[in-house]
Amino acid sequence: MMKKIIVLSFIQAVAIFILTGLLCLFIRGDFFFRSLAPIFGFAAGLLRSVTAMVSLALAPDLFEDKKKK
C-alpha cells in the first residue's frame, strides 16, 4: 500500500512540475521562472503523500480492496 502511495505521489509531483514549468515557459519565456516549477512540484508530491498517509491512518476502510465472492 505504501509503495502505491509513493508512486502516485511521485507521478503527481512530476506532472505538476511539468505543467507549471510549461505554463511559466509560455507566459514568461523561462521554464524555471523564480523556481515555481520545482517548488509546486515538490509541494504537490509532499501534500499528496501526507494526505494519503493521514487518510490511511484515519480511515483504512477506504484503501481496502472489497472483493465480492
Side-chain angles (χ1 to χ4, degrees):
M1 185 57 58
M2 299 301 282
K3 184 177 179 181
K4 182 179 178 183
I5 292 172
I6 292 171
V7 168
L8 291 175
S9 299
F10 180 74
I11 291 171
Q12 182 177 2
V14 170
I16 296 295
F17 171 76
I18 291 171
L19 290 174
T20 305
L22 289 175
L23 188 63
C24 289
L25 180 66
F26 290 131
I27 293 174
R28 299 291 297 181
D30 184 14
F31 189 87
F32 292 103
F33 177 70
R34 294 187 184 172
S35 301
L36 290 178
I39 290 170
F40 284 135
F42 178 72
L46 185 66
L47 289 174
R48 165 72 182 224
S49 59
V50 168
T51 55
M53 299 288 182
V54 169
S55 297
L56 182 63
L58 296 178
D61 297 338
L62 295 174
F63 292 92
E64 290 180 1
D65 292 334
K66 297 181 180 177
K67 298 179 182 177
K68 295 181 180 177
K69 289 185 178 182

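- In this structure, the separation between CG on Leu47 and CZ on Phe42 is 9.5 Å, given to the nearest 0.5 Å.
- Here the side chains of Asp30 and Leu25 are not in contact, with every heavy-atom distance at 4.5 Å or above.
- Linking Ile, Leu, Val, Met, Phe, Trp and Tyr whenever their side-chain heavy atoms come within less than 4.5 Å puts Phe10 and Ile18 in one cluster.
- The shortest heavy-atom contact between Ile16 and Ala44 is CG1-CB, 3.7 Å.
- Between the CZ atom in Arg48 and the CD1 atom in Ile6 there is a gap of 12.0 Å [rounded to 0.5 Å].
- The ring-ring contact (aromatic ring centres under 6.0 Å, His included) test applied to Phe31 returns Phe17, not counting sequence neighbours.
- Interatomic distance, OG of Ser9 versus NZ of Lys4, reported as 11.5 Å (0.5 Å rounding).
- Nearest heavy atoms, Gly41 versus Ala13: O-CB, 3.2 Å.
- Hydrophobic clustering (ILVMFWY, side-chain heavy atoms < 4.5 Å, transitive): Leu22 and Val14 are in one cluster.
- Taking the side chain as every heavy atom from C-beta outward, Phe32 and Pro38 approach each other to under 4.5 Å.
- Side chains of Arg34 and Arg28 form no contact here, defined as non-hydrogen atoms less than 4.5 Å apart.
- Taken from OG1 in Thr51 to CG in Leu58, the straight-line distance is 11.5 Å, to the nearest 0.5 Å.
- Between Ala52 and Ile5, the shortest heavy-atom distance links the atoms CB-CG2, 3.6 Å.
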